[in-house]
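Side chains are part of it too, since the values below use all heavy atoms of this structure and drop only hydrogens, waters and symmetry mates.
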Amino acid sequence: MPTAIIFHPAQERTLADEQRRILRELNAQEALFFPLYPLYCFLDGGGLAEIPPEACRMRIKSLAVHPARLDGGRLVFPVEILLDGGGRAEGSVPAGRRNERKAAAGPPTGRIFPSEALPLNCRVFQAADVSTDGVLWEVSRAVWVKTRDA
């Protein structure tokens with residue numbers, strides 16, 4: 001099971017508000033994006049995806065969610081994670097996907113959506129194993145993490 005970051009409810013609300021704002025803007029241009037849920041951060045690099053959630057508690061020094069960007073037909077919030085010992089890991093929060101069947105041409109890949117609310121420095125969150133079965137999400141071995149950055 002991959003390890004994911006589950007945000008504190010206040011952080012998740014900030015991300016959901018940004019997601020709605022950006023999707024409203026994209027869909028006003030007839031790009032036909034729809035939201036993706038849940039707003040979890042899936043760990044892509046730095047070796048965190050393979051370690052148990054309990055170990056994330058000791059390894060993660062800070063976590064920041066950056067302004068959303070388009071990556072192909074997907075809207076993602078990039079996540080930067082600083083680790084003890086100076087290491088760095090990356091993740092992403094899938095926030096939206098373009099309906100390829102109904103959209104002729106979408107906005108350019110790489111477009112960044114500036115925000116006053118982001119970057120969001122997350123000091124308290126959960127690390128957990130997450131699995132999916134169709135539309136069913138199962139969270140197991142969730143542990144709360146409090147970062148040690150100042």
Side-chain angles (χ1 to χ4, degrees), residues 1-27 31 33-100 106-107 109-150:
M1 275 189 246
T3 300
I5 300 297
I6 301 172
F7 297 99
H8 184 277
Q11 299 159 352
E12 188 173 9
R13 175 62 189 248
T14 299
L15 292 176
D17 289 347
E18 286 299 305
Q19 175 192 40
R20 273 192 296 281
R21 178 185 67 82
I22 294 166
L23 292 178
R24 192 175 306 121
E25 178 185 330
L26 287 169
N27 289 332
F33 274 77
F34 59 90
L36 295 177
Y37 296 102
L39 294 173
Y40 293 165
C41 170
F42 296 94
L43 303 174
D44 302 332
L48 286 178
E50 297 82 29
I51 67 170
E54 298 84 11
C56 289
R57 180 182 286 165
M58 300 307 298
R59 296 210 40 211
I60 297 176
K61 184 177 176 185
S62 71
L63 185 143
V65 181
H66 293 281
R69 74 169 189 262
L70 289 176
D71 184 8
R74 298 178 339 127
L75 176 69
V76 298
F77 291 101
V79 176
E80 178 183 26
I81 302 167
L82 298 179
L83 306 171
D84 277 345
R88 187 173 173 272
E90 295 179 350
S92 61
V93 179
R97 190 171 72 205
R98 194 168 137 237
N99 185 338
E100 299 295 336
T109 294
R111 178 176 171 193
I112 297 175
F113 296 87
S115 168
E116 292 181 10
L118 300 174
L120 179 63
N121 292 315
C122 303
R123 299 199 64 213
V124 177
F125 50 88
Q126 291 183 69
D129 286 334
V130 176
S131 63
T132 61
D133 181 15
V135 295
L136 178 67
W137 291 79
E138 183 178 339
V139 173
S140 60
R141 296 182 359 174
V143 296
W144 282 100
V145 177
K146 183 174 180 181
T147 62
R148 296 176 300 285
D149 60 345

For Leu36, is there any backbone N or O sitting under 3.5 Å from a side-chain donor or acceptor partner on Gln19? yes

Are Val79 and Phe42 close enough that some pair of their side-chain heavy atoms sits under 4.5 Å apart? no

Value rounded to 0.5 Å, distance of CZ in Arg74 from CZ in Arg98: 14.0 Å

Taken in chain and number order and not counting sequence neighbours, the residues that satisfy side chain to side chain contact (heavy atoms under 4.5 Å, CB included) with Pro119 are His66

To the nearest 0.5 Å, what is the distance between CD1 on Ile81 and NZ on Lys61? 14.5 Å

Value for OH (Tyr40) from OG1 (Thr132), rounded to nearest 0.5 Å, stands at 11.5 Å

Residues passing the salt bridge (charged side-chain N to carboxylate O under 4.0 Å, His left out) test with Arg97, sequence neighbours excluded, are none

Side chain to side chain donor-acceptor pair (under 3.5 Å) partners for Gln126, two or more places apart: none

Looking only at heavy atoms, which two atoms of Pro53 and Ala127 are closest? And how far apart? CB-O, 3.4 Å

Spell out, as yes or no, whether a donor-acceptor pair under 3.5 Å connects the side chain of Asn121 to the backbone of Ala64. no

What distance separates Arg123 CZ from Thr147 OG1, expressed to the nearest 0.5 Å? 5.0 Å

Scan residues 124-138 for pairs that pass salt bridge (Lys or Arg N to Asp or Glu O under 4.0 Å), counting only residues two or more places apart or in two chains. Asp129-Arg141

With a 4.5 Å heavy-atom cut-off, do Leu63 and Val145 have their side chains touching? no

Those residues at least two apart in sequence (or on a different chain) that pass side chain to side chain contact (heavy atoms under 4.5 Å, CB included) with Ser115 are Glu18, Arg21, Ala117, Leu118

Using side-chain heavy atoms (C-beta onward) and a distance below 4.5 Å, is Cys56 in contact with Val143? no

Side chain to side chain contact (heavy atoms under 4.5 Å, CB included) involving Ala128 - partner list, sequence neighbours excluded: Ile6, Val139, Ala142

Test: side chain to side chain donor-acceptor pair (under 3.5 Å). Region: residues 8-17. Which pairs qualify, not counting sequence neighbours? Arg13-Asp17, Asp17-Arg20

Say you draw a straight line from CZ of Phe33 to CG of Leu26; how long is it, rounded to the nearest 0.5 Å? 5.0 Å

Euclidean distance, Phe113 CZ relative to Leu70 CG, rounded to 0.5 Å: 4.0 Å

Over all atoms of both residues, closest heavy-atom pair of Ala68 and Leu75: CB-CD1, 3.8 Å

Residues Cys122 and Val65: closest non-hydrogen pair is SG-CG2, 4.0 Å

Which atom of Leu39 lies closest to which atom of Phe7, heavy atoms considered: O-CD1, 3.3 Å

For residues Ile60 and Leu83, determine if any side-chain heavy atom of one lies less than 4.5 Å from a side-chain heavy atom of the other. yes

